[in-house]
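Right, one structure below, let's go through it.
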Amino acid sequence: MVPVESSLEGSISRVYDLLLNSTLKASGEVELRVKHCLIANLETVLNSVKTVYSHPQALAQCRVFLRQLGLRIDFDVRYSRQRLK
């Protein structure tokens with residue numbers, strides 16, 4: 001199963017590109033509600049968070065909420081995983 005469209009952000013072009021260059025074919029459709037969560041170390045308080053690191057699609061879908069909190073966003077998935085270890 002791969003995501004091909006987001007109701008908030010539209011088509012996910014990277015997935016379309018990958019499908020065009022493969023022998024895979026779509027065989028069905030499933031609509032899933034996605035809930036995003038901010039994850040931090042246990043002792044972290046929200047007002048101490050300055051930057052959110054995540055996948056570009058997730059950050060785009062949460063852009064309004066993150067801006068309301070005054071948070072900076074950074075499209076770096078590997079760095080976010082390393083920081084939580």
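Worth saying up front: this structure is predicted, and the values here are computed from it rather than measured.
For the side chain to side chain contact (heavy atoms under 4.5 Å, CB included) test, residues two or more places apart in sequence or in another chain that qualify with Val64 are Gln68.
At least one side-chain heavy atom of Leu38 sits less than 4.5 Å from a side-chain heavy atom of Leu46.
Remark: of the listed residues Val52, Thr51, Leu59, Thr51 is the sole one forming a side-chain contact (heavy atoms from CB on, under 4.5 Å) with Asp74.
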Indicate every side-chain donor-acceptor pair of residues 17-37 with a distance under 3.5 Å to a residue at least two apart or in another chain.
unit_1, atom_1, unit_2, atom_2, d
Asn21, ND2, Asp17, O, 3.1
Ser22, OG, Leu19, O, 3.2
Ser22, OG, Leu24, N, 3.2
His36, NE2, Gln61, OE1, 2.7

